Amino acid sequence: MYAIITFFTGLLFGLGLAISEMTNPSVVIGFLDIFGNWNPSLIFVMGGAVVIGMIGYIIRNRRTQPWLADKWYVPTRRDIDKNLILGAALFGIGWGLSGYCPGPGLTALTNNPMEGVYFVGALIAGSALFHFQNHRNNG
């Protein structure tokens, strides 16, 4: 049951990305280009995501445990450190330069393979760099 729900959740997420045109880097870059040819259409996508997130937290606060797991896995850290700021800045710069974030970037492997290969390669390299840096500091 868990695998089926996970599959359909991923499918719904992917359809949402495609319908909202989050998989089209020119739309994303147009949204981020507030001083140029700004395209504000993704404000509705963000608004929808915020509403769904709020509903999720309301459900979480009313239930003692999730439907398909033993406990809730909710972040507990609330501090802001240099790694969070640096990571957020790098993510934002990469998103702004490429027009891709990880989900839509993976779809580029099929709808724009050359860009997708570059993006996914950079994503893997960045993930490996984080892994090795984090492992060095913690172990």
Side-chain angles (χ1 to χ4, degrees):
M1 187 65 162
Y2 181 79
I4 292 169
I5 290 176
T6 300
F7 172 77
F8 282 109
T9 302
L11 185 64
L12 180 64
F13 179 72
L15 285 171
L17 290 175
I19 290 169
S20 68
E21 293 195 70
M22 287 286 297
T23 57
N24 182 349
S26 63
V27 171
V28 175
I29 290 172
F31 174 71
L32 297 173
D33 186 13
I34 58 173
F35 298 114
N37 190 17
W38 187 51
N39 177 357
S41 64
L42 293 184
I43 287 174
F44 297 106
V45 175
M46 279 196 270
V50 167
V51 168
I52 296 299
M54 289 171 61
I55 291 169
Y57 270 96
I58 289 169
I59 291 170
R60 181 206 170 257
N61 289 336
R62 290 185 179 172
R63 296 187 51 83
T64 56
Q65 90 177 61
W67 288 302
L68 298 172
D70 295 332
K71 66 176 189 167
W72 294 104
Y73 293 93
V74 178
T76 56
R77 286 186 62 178
R78 297 195 181 273
D79 59 320
I80 297 174
D81 62 1
K82 67 178 172 82
N83 288 337
L84 176 64
I85 292 170
L86 181 62
L90 287 172
F91 180 88
I93 291 167
W95 190 26
L97 290 173
S98 69
Y100 290 119
C101 62
L106 292 173
T107 67
L109 290 172
T110 59
N111 62 13
N112 196 348
M114 188 55 84
E115 282 185 15
V117 167
Y118 289 134
F119 177 82
V120 172
L123 180 67
I124 291 169
S127 296
L129 180 64
F130 167 78
H131 172 76
F132 292 124
Q133 185 267 343
N134 196 41
H135 181 71
R136 186 185 68 193
N137 290 342
N138 293 332

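On a predicted model such as this, the values are computed, not experimentally measured, just so you know. Nothing fancy with the numbering, it's 1 onward along the sequence.
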Heavy-atom closest pair (Phe91 atom, Cys101 atom, distance to 0.1 Å) is CZ-CB, 3.7 Å
Closest approach of Met46 and Phe31, non-hydrogen atoms and distance? CE-CZ, 2.9 Å
Just how far is it from atom OG of Ser98 to atom CD1 of Ile93, taken to the nearest 0.5 Å? 11.5 Å
Does Leu15 share a hydrophobic cluster with Leu106, counting links as ILVMFWY side-chain heavy atoms below 4.5 Å and allowing steps through other members? no
Could you tell me whether Asp70 atom CG has more than 12 heavy atoms of other residues or ligands within 6.0 Å of it? no
Joint hydrophobic cluster, Met1 plus Trp67, side-chain heavy atoms closer than 4.5 Å: yes
Straight-line distance of Leu97 CG to Leu32 CG, nearest 0.5 Å: 10.0 Å
Other residues, nucleotides, ligands: >12 heavy atoms within 6.0 Å of Asn61 CG: yes
Is there a side-chain contact between Asn83 and Phe130, using heavy atoms and a 4.5 Å cut-off? no
When you group the ILVMFWY residues by side-chain heavy-atom contacts below 4.5 Å and let the links chain together, are Met22 and Phe44 in the same group? no
Can you see which heavy atom on Thr23 is nearest to which on Ala18, and at what distance? OG1-CA, 4.1 Å
From the list Leu11, Thr6, Ile5, side chain to side chain contact (heavy atoms under 4.5 Å, CB included) partner of Phe8 resolves to Leu11
So, taking the atom named CZ in Arg63 and the one named CD in Gln65, what distance separates them when rounded to the nearest 0.5 Å? 7.5 Å
Please report the closest heavy-atom contact between Pro25 and Glu115, naming both atoms and the distance. CG-OE1, 4.0 Å
From CG (Leu12) to CG (Leu17), nearest 0.5 Å: 10.0 Å
Ile4, CD1: over 12 other non-hydrogen atoms inside 6.0 angstrom: no
Are Val117 and Leu123 connected into the same hydrophobic cluster when the rule is that any two of I, L, V, M, F, W, Y join if their side-chain heavy atoms are below 4.5 Å apart? yes
Any Ser26 side-chain heavy atom under 4.5 Å of Asn24 side chain: yes
Ile80 atom CD1, neighbour heavy-atom count above 12 within 6.0 Å: no
Using 0.5 Å steps for rounding, measure from the CG atom of Asp79 to the CG atom of Leu84. 8.0 Å
Report the C-alpha separation of Phe119 and Asn112 in whole Å, then their side-chain angles, then the decisive distance to 0.1 Å, and conclude whether the side chain to side chain contact (heavy atoms under 4.5 Å, CB included) test is met. CA-CA 11 Å; Phe119 177 82; Asn112 196 348; over 6 Å; no
When you measure from the side chain of Trp38 to the backbone of Asp33, do you find a donor-acceptor pair of N or O atoms at a distance under 3.5 Å? no
So if you build clusters from Ile, Leu, Val, Met, Phe, Trp, Tyr with side-chain heavy-atom gaps below 4.5 Å, do Ile34 and Leu42 land together? yes
To the closest 0.5 Å, what do you measure between CD1 (Ile52) and OH (Tyr57)? 14.5 Å
Do you know the tightest heavy-atom contact between Ser41 and Val27? OG-CG1, 4.3 Å
Which atom pair, heavy atoms only, marks the closest approach of Trp95 to Val28? NE1-CG1, 3.1 Å
